[in-house]
There are 2 protein chains.
Amino acid sequence: MKAETPTDSAAEDRIFAALASPVRRQVLQLLRERQPQPVTELAAHFAIARPSFSEHLRVLREAGLVGEHRVGRQRLYRLQAESLAEVQQWLHPFERFWRDRLTRLGEVLERLDDES
Amino acid sequence: MKAETPTDSAAEDRIFAALASPVRRQVLQLLRERQPQPVTELAAHFAIARPSFSEHLRVLREAGLVGEHRVGRQRLYRLQAESLAEVQQWLHPFERFWRDRLTRLGEVLERLDDES
DNA sequence: TCCATAGGTAGGAAATTTCCGACGTATAGT
DNA sequence: ACTATACGTCGGAAATTTCCTACCTATGGA
């Protein structure tokens, strides 16, 4: 049992802010495909300088989206998917708005209205 | 059939960038609770000036997250949930990382490693 | 011990975002 | 026609983010 607000608002902010960068989203995708990966290997996919990349990793770390794991002189990064689960939880109450047939119908009717 | 890249990268960027602001996320939540809502009513929940709020609405609109609907001198906003569905689609390949028992086990083992 | 490698921090320029007050536009009511 | 209401755009200040070039630290190998 942790001492956390039901949905820690600051943590949520940091997660969504982290996902706002295409570079950081792609890092997560790269880690999805091969699990622990050193910084150099990840950085090879991007045309930005290393300190900039380090900064991106820091943002991902502080959002709890990745974990670090030192081995020798490398730092292996891996996904920390619990933080992404929080995004899904945030998303969940919206699901019915794109799954409901009735909602769809409502949208179509409104769109007809708009076009007049 | 639309002329869109499988996942239009620019659209994805705009959606995630829009979600990065707590104000904008809350607007979506407000719209979830009551569907078409005029600007004044939405703005009443925030301590920012109206032009700033208008700007937030613009970002949401350009991300396709909300739709506008003029009625009289009001502009009614409603959710456009398809854009949120795109977020869920992006999220989907990550799901196994927090659902898999085996992944969980792997994480536990790695964590024991980290603590040494 | 000495050097190379892995990756971070420091400091700062440039771009972007956030926010504001002032002002413009359109519709509704009188 | 005149006024009030509902929102938007404009122009700019302040904060934040992104990216860079140095430079620092730690580990591994000769």
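Order of the sequence lines fixes the chain letters, A, B, ..., with proteins taken first and strands second; residue numbering starts at 1 for each chain. For the numbers below, each heavy atom of this structure counts, side chains included, while hydrogens, waters and symmetry mates do not.
- When atom types are taken as modelled, the side chain of B:Gln37 and the backbone of B:Arg34 share a donor-acceptor pair closer than 3.5 angstrom.
- Looking at heavy atoms from C-beta onward, B:Leu19 lies in side-chain contact with B:Leu28 at the 4.5 angstrom threshold.
- For A:Ser54, the side-chain atoms get nearest to C:dG7 when compared with the rest of D:dT9, D:dA6, C:dG7.
- Residues that satisfy the side-chain hydrogen bond (donor to acceptor under 3.5 Å, both in side chains) test with A:Glu12, not counting sequence neighbours, are B:Arg25.
- Distances shown here put a side-chain N or O of A:Tyr77 below 4.0 Å from the OP1 or OP2 atom of C:dG8.
- If you measure from atom CZ of B:Arg58 to atom P of D:dG8, you get 11 Å, rounded to the nearest angstrom.
- Following rounding to the nearest Å, B:Leu76 (CG) and C:dA26 (P) show an atom-to-atom distance of 19 Å.
- At a threshold of 4.5 Å between non-hydrogen side-chain atoms, the residues A:Arg78 and B:Phe97 do not count as touching.
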Discussion item. Across nucleotides 14-21 of chain D, 5' to 3', mark each nucleotide with B, S or - according to how protein heavy atoms within less than 4.0 Å reach it.
Written reply: ----SBBB

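- One interatomic measurement links the two molecules: CG of A:Leu57 to P of C:dT9, which rounds to 10 Å at whole-angstrom precision.
- Put simply, CG on B:Leu60 is 12 Å from P on D:dG8, counting in whole angstrom units.
- No side-chain donor-acceptor contact under 3.5 Å links A:Ser83 to the backbone of A:Ile15.
- Separating the CD atom of B:Glu41 from the P atom of D:dT5 is a distance of 17 Å, rounded to the nearest angstrom.
- Here C:dA6 presents its C1' atom at 15 Å from CD of A:Gln37, a figure rounded to the nearest Å.
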Which atom pairs, donor and acceptor, lie under 3.5 Å between side-chain atoms of residues 55-62 of chain B and protein residues at least two apart or in another chain?
| from | atom 1 | to | atom 2 | distance (Å) |
| --- | --- | --- | --- | --- |
| B:Glu55 | OE1 | B:Arg58 | NE | 3.2 |
| B:Glu55 | OE2 | B:Arg58 | NH2 | 3.1 |
| B:His56 | ND1 | B:Arg24 | NH1 | 3.1 |
| B:Arg58 | NH1 | B:Glu62 | OE2 | 2.8 |
| B:Arg61 | NE | B:Tyr77 | OH | 3.1 |
| B:Arg61 | NH2 | B:Tyr77 | OH | 3.3 |

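- Partners of A:Ala47 by side-chain contact (heavy atoms from CB on, under 4.5 Å), not counting sequence neighbours: none found.
- Checked against a 6.0 Å centroid threshold, the rings of A:Trp90 and A:Phe94 count as neighbours.
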Give every pair of a protein N or O atom and an N or O atom of nucleotides 26-30 of chain D that lie under 3.5 Å apart, one pair per line with the distance.
| from | atom 1 | to | atom 2 | distance (Å) |
| --- | --- | --- | --- | --- |
| D:dT27 | O2 | A:Arg73 | NH1 | 3.4 |

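- Here B:Glu95 pairs with A:Gln88, B:Arg99 under the side-chain hydrogen bond (donor to acceptor under 3.5 Å, both in side chains) rule; sequence neighbours left out.
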